[in-house]
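What follows is one structure encoded as structure tokens, with my remarks underneath.
Predicted model, so just to flag it, every value in this text is computed and none were measured.
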Amino acid sequence: MSRHIKTAIGVVLTAIMLFPVYWMINVSFTRDTDMRADPPHLFPVDGTLEGYRAVLHQQMPYLGTSLLIGLGTVVLTVAISAPAGFSLAKLRPRGGSVLSFVLLIAQMIPAIIMAMGFYAIYLKAGVLNSAAGLILADSTIAVPFGVLIFTAFMSGIPPELTNAALIDGASTWRTFVSVVLPVSRNAVVTVSLFAFLWAWSDFVFATTLDGGGAHQPITLGIYHYIGNNNQQWNAIMATAVVASIPATLLLIAAQRYVAAGVTAGAVKD
């Protein structure tokens, strides 16, 4: 198969995969009266900005809450998973392999089951409908992944670096903070990005643990547009477009760090 044919196939497959994104943008500019046009308009004929006006007037508080939850999840995830990964990679605690296996299994637990458990705990603790509760819940999804990524990355750090710091009198914690963490930038970016994206796109925890809160994330803001007798599709899609921008920018900015962080430890010399 020639290179040109492979390129053409790649372009076609990419266009197919990106078509839902284009359709989301198209619908965000489409008037409500044109939603059920037959055949549907492939371009926003007589387009409108009503959906984006709704975003500016109604959805900004939801976006702010999602940003707060996303950043809080990133901080908590890195604060827990980075030291844990360092311990498993360099300190080799007893039962470390079992813990790694448990962390792998933890990622297979359905989110709805975890949400039900959190609901019972939060109800007794009085932290339902709070941003702090969502940050903690979202971190439980991100931390196991973060520990595995940090463990794989830090296992590839030459032991000469850590041994030199210990010989110079640095404590284990100082070695981690001053030596290991700075050279683990790719892993930090990778874990931070995935933690933010999980928190930003979460709906299960949000609707279960913060369904009646005063400050709700953007996923619930979009959900509020959907009713029994009314679906504001241009507002829904406009909100989805705006909500996709931060994630898209982060992916573009961090893609090379993510590629290096995810593949760390996969190949041994």
Side-chain angles (χ1 to χ4, degrees), residues 20-21 24-25 27-28 51-81 107 109-123 125-146 189-228 230-254:
V21 177
M24 176 179 68
I25 298 173
V27 173
S28 70
Y52 291 93
R53 293 192 186 99
V55 173
L56 293 177
H57 289 91
Q58 301 171 14
Q59 297 295 331
M60 297 309 292
Y62 297 103
L63 287 168
T65 301
S66 283
L67 183 62
L68 172 63
I69 294 172
L71 295 177
T73 301
V74 168
V75 172
L76 184 59
T77 298
V78 174
I80 295 175
S81 59
Q107 297 184 80
I109 301 176
I112 186 60
I113 294 179
M114 298 180 64
M116 293 170 62
F118 273 119
Y119 183 86
I121 296 172
Y122 284 8
L123 185 61
V127 292
L128 274 177
N129 303 321
S130 66
L134 280 184
I135 290 173
L136 179 60
D138 290 330
S139 297
T140 61
I141 300 294
V143 165
F145 171 81
V189 173
T190 301
V191 173
S192 298
L193 177 62
F194 279 94
F196 183 86
L197 292 179
W198 277 324
W200 186 264
S201 61
D202 168 63
F203 179 76
V204 174
F205 285 149
T207 190
T208 305
L209 306 176
D210 195 25
H215 303 285
Q216 298 179 346
I218 190 61
T219 49
L220 292 186
I222 296 175
Y223 184 66
H224 290 332
Y225 280 131
I226 303 175
N228 292 330
N230 180 38
Q231 290 82 32
Q232 304 177 50
W233 287 111
N234 57 353
I236 292 173
M237 294 304 175
T239 306
V241 170
V242 174
S244 300
I245 293 175
T248 302
L249 294 178
L250 284 174
L251 283 172
I252 293 174

Find out whether [X] and [Y] are in side-chain contact, i.e. whether some heavy atom of one side chain is under 4.5 Å from a heavy atom of the other.
X	Y	answer
T219	D202	no
N129	L209	no
S81	V191	yes
V242	Y52	yes
I141	F205	yes
L134	P217	yes
T239	Y225	yes
L220	F203	yes

With rounding to the nearest 0.5 Å, note down the distance linking CH2 in W198 to OG1 in T140.
10.5 Å
[X] and [Y]: which non-hydrogen atoms are nearest, and at how many Å?
X	Y	result
T73	A199	OG1-CB, 3.6 Å
W233	V27	O-CG1, 4.0 Å
A235	A54	CB-CB, 4.2 Å
A142	A195	CB-CB, 3.8 Å

Can you tell me if W200 uses its side chain to pair, donor with acceptor, with the backbone of I218 under 3.5 Å?
no
Identify the residue among V75, I69, T77 that makes a side chain to side chain contact (heavy atoms under 4.5 Å, CB included) with I135.
I69
State which residue, out of L250, L71, V74, L197, fulfils the side chain to side chain contact (heavy atoms under 4.5 Å, CB included) condition with S192.
V74
Hey, are Q216 and H224 close enough side-chain-wise for a donor-acceptor pair under 3.5 Å?
yes
Hey, can you tell me if Y122 and F118 have their rings parallel, tilted or perpendicular (30° and 60° cut-offs)?
tilted
Begin with the C-alpha distance, continue with both residues' side-chain angles, and end with the deciding distance and a verdict on side-chain contact (heavy atoms from CB on, under 4.5 Å) for V241 and M24.
CA-CA 7 Å; V241 170; M24 176 179 68; 3.9 Å; yes
